Amino acid sequence: MSIRVRYAPSPTGEPHVGNLRSALFNWLLARRHGGRFIVRIEDTDQSRKVEGSVAQTLDALRWLGLDWDEGPEAGGAFGPYYQSQRLDRYHEAADRLLAACAAYTCTCTPQRLADLRKAQQKRKQPPGYDGRCRKLSPEERAQEREAAGAHVVRFAMPEAGETLVEDAVRGQVRFENPLLDDFVILKSDGFPTYHLANVVDDAAMEISHVLRAEEWLPSTPRHLQLYRALALRPPIFAHLPIILGADGGKLSKRHGATSVAHYRAEGYLPEAMLNFMALLGWSLDDKTTYLSREELVAGFALKRVGKTGATFDLDRLEAMNGHYVRALAPDQFAERLRPWLEDGLPPSVVRPLDGARLRAIGPLVQERIKRLTEVVDLTDFFFLEEPLSYRNKDLMGKGFRDNPSGALHALETTRATLAPLSTWDAGAIESALRALAERLELKPGHLFTPIRVAATGKTAAPPLFETLALIGRTQTVQRLDAAAGRLARPDD
RNA sequence: GGCGCAUUCGUCUAGCGGCCCAGGACACCGCCCUCUCAAGGCGGAGAUCGCGGGUUCGAAUCCCGCAUGCGCUACCA
């Protein structure tokens, strides 16, 4: 059997981590077995539609490298891929069900439904539609339809028996039919609900496997009954473990960012995001943590999808991102830095940034950052012309604590040592400064701290000698002078 | 309230009857390296496998209860 899977987002906002995780698993299954990955837009809820979310969704897929074989922009033989353009198919299906008495029109008002629910809850009964309109005769229903003007179509669930869901990750799950109420399949605005549209389209698009989040498991028996009533063959279902926030609840806005675009903007790499998401509910074996896209494809198997909820652990994501940052080829890393620097540096810095300079800076910071955004704070001094800001306390460091004159002397002798240096490179600077430390009878670290802060404005910075070499002699001397000047006037 | 799913170190997980007094990764702690910060190397601590009963020569692994958590219970998906 050829594998056809789909990602079926509804365009109600920026794509969520949980959604994209589902997309990823579907994509992996397709790529692993040479199947097709389809994107279908489930825009059946007119009221929740958010402008631009389809574009955002496609962007997220592209960013993660999840290419689709059919869907928006790609086309395909099973289109259209927007449910809002497939309304006739849902009506055809609903008509068939109506004709077969597997569905009926319902004119109960939202008010009646709300009251019903309230009363049921008060009596501690399971809430659900009571089947009022189902009990009516066809003539009565026709009458009410006319009188009401608007109606919905409800599916007539079997009133007895049970529905067995065969789930690829959970095994058999049993549901009692009488406990499932007659759900709406066609809304009064003529649009289908998820249940109908999903079933009709999955069948029409010959979807072989439905990998979706666990929250869908309870509605699967309804879907199965729909397949049966429509004489369609159901796909293989696999319900993916839910993604939890740090507090153990379902991941949602209150846990912080849930949109993948946010993580992209925060400087996470797509390869890290992909790897991280793949491990939310799946594992290759007992020890493999880092997997490339290719390894994920080669290793993915439904049998290795877990059943237990996976917590979205930001620390782990960040650690993985650091790993992927370090793994980048130096030139590639340098170029990836560019957008973040050009975005984060003050306007006084001339754009575009010089590529050679980026490539020189790259190696100094590559193993020091976990997220690309961090590069701005770590390297701004390479680009700034204006005076740096820092505290005199930091300038003196541990070695010259409460000893401004000592620090001053260190800076002045450093200047005197570096200014006339015949060769300006990291090696020459290092031997000069180490010799100086020895001459001043200072621990190297104690001497280097004031120099570092003077040159970079920071207590934690890239390696000193390479940094000075890159900054250049002129600016190094300038900054040493500026620091020496400041030591005379205490500021904190 | 009902129905469903789940329950192994703080986190992600490995484990599908003996190889496990439970393995890996992240985080944490210590040491080494070291000009700061990282990275890297080495080591450490951390889970009586939710609880209680069974089945079995033997259970984290199978069965039954209970507890807890989560999900669903819309003319939302």
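Chain letters run A, B, ... following the sequence lines, proteins first and then strands; every chain starts at 1. None of the values given here were measured: they were computed from a predicted structure.
Nucleic acid contact for Ser283(A): sugar-phosphate only, since backbone atoms but no base atoms lie under 4.0 Å from a heavy atom of the residue. Residue-level contact check: Gly397(A) touches neither bases nor backbone, having no heavy atom under 4.0 Å from any strand. If you check every strand for non-hydrogen atoms under 4.0 Å, Gly128(A) touches nothing. Among the heavy atoms of the strands lying under 4.0 Å from Thr44(A) are primed sugar atoms or P, OP1, OP2 only; no base atom is included. Ser188(A) comes within 4.0 angstrom of a base, heavy atoms only. Within 4.0 Å of Leu464(A), counting heavy atoms only, lies at least one base atom of the nucleic acid. Pro9(A) comes within contact range of no nucleotide atom at all, as no heavy-atom separation falls under 4.0 Å. No engagement by Pro241(A) is indicated, since no non-hydrogen atom pair under 4.0 Å with the nucleic acid exists.
With hydrogens and angles ignored, no donor-acceptor pair under 3.5 angstrom links the side chain of Arg170(A) to the base of rC5(B).
Between rA77(B), rU11(B), rA39(B), one nucleotide has an atom nearer to the side chain of Asp45(A) than all others, and that is rA77(B). Among the nucleotides rA27(B), rG1(B), rA38(B), the one closest to the side chain of Ala319(A) is rA27(B). Distances from the side chain of Arg452(A) to the nucleotides rC35(B), rC5(B), rC75(B) place rC35(B) closest. When distances are taken from the side chain of Tyr290(A) to each of rC26(B), rC35(B), rC5(B), the shortest belongs to rC26(B). Side-chain proximity of Phe175(A) to the nucleotides rC26(B), rC3(B), rU73(B) is greatest for rC3(B). Set against rU11(B), rC5(B), rA74(B), the side chain of Pro127(A) has rA74(B) as its closest nucleotide. Checked against rA77(B), rU36(B), rC5(B), the side chain of Ser10(A) finds its nearest nucleotide in rA77(B). Listed nucleotides: rG71(B), rU13(B), rC75(B). Nearest to the side chain of Val152(A): rC75(B). Checking rC3(B), rG1(B), rC12(B) against every side-chain atom of Leu279(A), the shortest atom distance belongs to rC12(B). The side chain of Trp216(A) sits closest to rA77(B) out of rA77(B), rA74(B), rG4(B).
Taking atom C1' on both rU11(B) and rA47(B), the two are 13 Å apart, rounded to the nearest angstrom. rG53(B) sits 40 Å from rC28(B) when the P atoms are compared, rounded to a whole Å. For rC12(B) and rC31(B), the P atoms lie 30 Å apart once the distance is rounded to whole Å. Comparing the P positions of rC16(B) and rU61(B) gives an interatomic distance of 12 Å, to the nearest angstrom. With both ends at atom C1', the span from rG15(B) to rC76(B) equals 39 Å, rounded to whole Å.
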*asked:* Apply side chain to side chain donor-acceptor pair (under 3.5 Å) to residues Glu318(A) and Tyr268(A) and explain how you reach the verdict.
replied: CA-CA 8 Å; Glu318(A) 184 148 313; Tyr268(A) 289 94; 3.2 Å; yes

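Atom-to-atom, CD of Glu176(A) to C1' of rU73(B) comes out at 16 Å; the value is rounded to the nearest Å. Distance, Leu244(A) CG to rC12(B) P: 8 Å, rounded to whole Å.
Using bins of under 30°, 30° to 60° and over 60° for the plane-to-plane angle, the ring pair His223(A)/Trp216(A) lands in the tilted bin. Between Phe183(A) and Phe155(A), the two ring planes are tilted [angle within 30° to 60°].
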